[in-house]
**Q** 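The structure under discussion is supplied below as structure tokens; questions concerning it will follow.
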There are 2 protein chains.
Amino acid sequence: MREDTTREADPGAAGGAAPKKVRADVRRNTDALLTAAAEVFLTSGVDAPVRQITTKAGVGAGTLYRHFPQRSDLIAAVFRHEVDACADAAPSLAAEYGPAEALTRWLQRLALFFATKRGLSAALHSGDSTYDSLPAYFEQRFMPALTGLIDAAAEAGEIRSDVTPDDLLVATRNLAVPEGEDDTGHTRRMIALLVDGLRYQAR
Amino acid sequence: MREDTTREADPGAAGGAAPKKVRADVRRNTDALLTAAAEVFLTSGVDAPVRQITTKAGVGAGTLYRHFPQRSDLIAAVFRHEVDACADAAPSLAAEYGPAEALTRWLQRLALFFATKRGLSAALHSGDSTYDSLPAYFEQRFMPALTGLIDAAAEAGEIRSDVTPDDLLVATRNLAVPEGEDDTGHTRRMIALLVDGLRYQAR
DNA sequence: CGACAATACGGAACAGTGTTCCGTTTAGCA
DNA sequence: TGCTAAACGGAACACTGTTCCGTATTGTCG
């Protein structure tokens, strides 16, 4: 999925960012590293060898250390990257599908996020101050995305209106922790069931 | 167990325990490794490099791996070794000093044990089954040692008689966790104060 | 007391790590 | 198009855990 964070003119991140020109190869390699690291973390954990990440990303070791001097920097960046990817999907889905369908598809996407976030949880509780801001970032990005979808669906009369974003966030996280490897089918069905429940009382 | 610290190189007085003949160099090197590992763990943590331990012990790497194939084996052995050393000090002190004085000195010794056990605590909660028996071993060795000292001091009328071994065990552990590095003086004074408190009501 | 197995020892060698360094390439601008 | 600053890549380095085997030590038996 394409990230439209290509322009650094995004003011919402960390206050007034300097209008520094980012070279194209820097962005390209940074993205490749984040994508590769996400995959490697999923299969080998966050302590995976550096070379495994750089090889998959097709970059040299120096490039990784230039952009992510500490391992925690890379881990935190991967987390943010995945949060962004998931949160950004909400508006896209809302534009493409009807309110209830958009909500369903985004919750499926969110379940995927939780499922792939498994390896990161240990690192988040390690006391490294690099991770301090991550929970807040999680909240700050997901809550508006989900609230928007819920409100739209509720206003359209497609789902009941007494459900809170917190409810769905927690429920989705819980549903995304079933057994075994190929649980995609299971989680998917459960999420669908959940939204069907939302739809039921709307009539 | 017992053969780790006591000088079992006495062929005539061997009891009916285990009639396996242990070569002298094996015992020597094992002891050296346990002593060295205890020091290294204290300064560098239980993840300290293998060479640091072998160098300090004056043995080769092969010797370490022959006796402790897994790292958890070494850690558990160090723990037992230190528990034994501390517990075995109780009878010695009881023979050399008066009841109350022996109790005081042994609690000082126990505080030292707790202070040096800091690095091990993380490993103990790692889920490795090698460590499963350690808490029981701790209890099994320390409780009789302390009970003996307390009973002797109480019967001699040197301390009050309403204190339980658990009380002192917990109190000593808590006292042994103060600030900074050179806290030996602090802990020592607090332990002494504690025993003085025991003595007070005995009059 | 001396020779001999059996056993243990030591440390070099190997296969991985994380991290740095610097010659080479590239991107952006004039 | 040329030029310069920035970024790239991967060889090189330092350090890790682990294995292997020639050598040394030990306990015993004649």
Side-chain angles (χ1 to χ4, degrees), chain A residues 6-9 18-37 40-41 43-78 119 123 126 128 130, chain B residues 3-4 7-14 18-37 40-41 43-78 119 123 126 128 130:
Chain A
T6 314
R7 290 304 106 182
E8 198 56 33
K20 51 185 175 184
K21 43 187 177 183
V22 179
R23 266 175 58 158
D25 50 357
V26 171
R27 174 165 305 282
R28 185 182 346 118
N29 286 321
T30 301
D31 282 349
L33 278 171
L34 288 177
T35 304
V40 170
F41 286 172
T43 59
S44 306
V46 292
D47 290 327
V50 168
R51 282 166 179 76
Q52 200 176 340
I53 299 170
T54 56
T55 300
K56 189 180 280 276
V59 306
T63 302
L64 188 155
Y65 279 95
R66 192 171 315 106
H67 296 309
F68 308 101
Q70 309 275 339
R71 191 168 200 85
S72 56
D73 295 328
L74 177 61
I75 295 173
V78 166
S126 67
D128 192 316
T130 309
Chain B
E3 84 260 290
D4 277 343
R7 308 178 48 202
E8 212 236 72
D10 192 359
K20 55 182 176 182
K21 42 188 177 183
V22 179
R23 266 177 59 159
D25 51 356
V26 171
R27 173 168 306 284
R28 187 184 341 121
N29 286 321
T30 302
D31 282 348
L33 277 170
L34 288 177
T35 304
V40 171
F41 286 172
T43 59
S44 305
V46 292
D47 289 329
V50 169
R51 281 166 179 74
Q52 200 176 338
I53 299 170
T54 56
T55 300
K56 189 180 280 276
V59 305
T63 302
L64 189 156
Y65 279 96
R66 192 171 314 106
H67 295 307
F68 307 101
Q70 308 277 339
R71 191 168 199 86
S72 55
D73 295 328
L74 178 60
I75 294 173
V78 166
S126 66
D128 192 316
T130 309

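The sequence lines fix the lettering, A, B, ..., with proteins before strands; numbering per chain opens at 1. If you're wondering where the values come from, they're calculated on a predicted model, not measured in any experiment.
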**Q** Give the nucleotide from the list C/dG18, C/dG10, D/dT18 with an atom nearest to the side chain of B/Asn29.
**A**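 Within the option list, the nearest is C/dG10.
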**Q** Could you list by number each residue of residues 54-63 of chain B showing a heavy-atom separation from DNA chain C of less than 4.0 Å, or answer none if no residue does?
**A**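 Output list: B/Gly58, B/Val59, B/Gly60, B/Ala61, B/Gly62, B/Thr63.
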**Q** What's the spacing between A/Arg66 CZ and A/Leu64 CG if we round to 0.5 Å?
**A**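 One gets 10.0 Å once the value is rounded to the nearest 0.5 Å.
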**Q** What is the distance, to the nearest angstrom, from the CZ atom on B/Arg66 to the C1' atom on D/dC20?
**A**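 Taking CZ of B/Arg66 and C1' of D/dC20, I get 11 Å after rounding.
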**Q** When you check the side-chain N and O atoms of B/Gln52 and B/Ser44, is any donor under 3.5 Å from an acceptor?
**A**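 B/Gln52 vs B/Ser44: donor-acceptor pair found between side chains.
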**Q** Could you tell me how far apart A/Asp47 (CG) and C/dT17 (P) are, to the nearest whole angstrom?
**A**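 Atom CG in A/Asp47 sits about 12 Å away from atom P in C/dT17.
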**Q** For residues B/Val22 and B/Thr30, determine if any side-chain heavy atom of one lies less than 4.5 Å from a side-chain heavy atom of the other.
**A**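 Contact flag for B/Val22/B/Thr30 side chains = no.
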**Q** For residues B/Ala57 and B/Ala32, report the shortest heavy-atom separation together with the two atoms involved.
**A**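 B/Ala57 and B/Ala32 have their closest heavy atoms at CB-O, 3.6 Å.
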**Q** Using only heavy-atom distances, decide whether a donor-acceptor pair under 3.5 angstrom links the side-chain of B/Arg71 to the base of D/dG17.
**A**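 Answer is no: no donor-acceptor pair is held.
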**Q** If I compare all heavy atoms of B/Ile53 with all of B/Phe41, which pair ends up nearest, and what's the gap?
**A**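 In this case the closest contact between B/Ile53 and B/Phe41 is CD1-CE2, 3.9 Å.
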**Q** Provide, to the nearest angstrom, the distance between the CZ atom belonging to A/Phe68 and the P atom belonging to D/dC8.
**A**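 Nearest whole value for this atom pair: 11 Å.
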**Q** Tell me, for nucleotides 24-29 of chain D in 5' to 3' order, what letter each nucleotide earns: B for a base near a protein heavy atom under 4.0 Å, S for only sugar-phosphate near one, - for neither?
**A** -BSS--
**Q** A side-chain contact here means heavy atoms from C-beta on lying under 4.5 Å apart; do A/Leu74 and A/Leu34 qualify?
**A**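 Contact flag for A/Leu74/A/Leu34 side chains = yes.
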**Q** Whole angstroms only, please: what is the CZ-C1' distance between A/Arg51 and D/dA12?
**A**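 The answer, rounded to whole Å, is 10 Å.
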**Q** From CZ of A/Arg27 over to P of D/dA6, roughly how many Å is that when rounded to an integer?
**A**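 That distance rounds to 18 Å.
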**Q** Taking atom P of C/dA8 as reference, at what distance in whole Å does atom OH of B/Tyr65 sit?
**A**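 Between P of C/dA8 and OH of B/Tyr65: 19 Å.
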**Q** Could you tell me which non-hydrogen atom of B/Thr54 sits nearest to which non-hydrogen atom of B/Gly60, and how far apart they are?
**A**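 So the two residues come closest at CG2-O, 3.9 Å.
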**Q** What is the distance from CD1 of A/Ile75 to C1' of C/dG18, rounded to the nearest Å?
**A**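 It works out to 14 Å between those atoms.
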**Q** With heavy-atom distances below 4.5 Å as the criterion, would you say the side chains of A/Asp73 and A/His67 are in contact?
**A**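 Not in contact.
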**Q** Just N and O in the side chain of A/His67: are any of them under 4.0 Å from OP1 or OP2 of D/dC8?
**A**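 A/His67 to D/dC8 OP1/OP2: side-chain N or O found under 4.0 Å.
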**Q** Between atom CG in B/Leu64 and atom P in C/dA12, what is the gap in whole Å?
**A**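 The distance from CG of B/Leu64 to P of C/dA12 comes to 17 Å, rounded to the nearest Å.
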**Q** Any heavy-atom pair between the side chains of A/Ile75 and A/Phe68 that's under 4.5 Å?
**A**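 Answer no - side chains too far apart.
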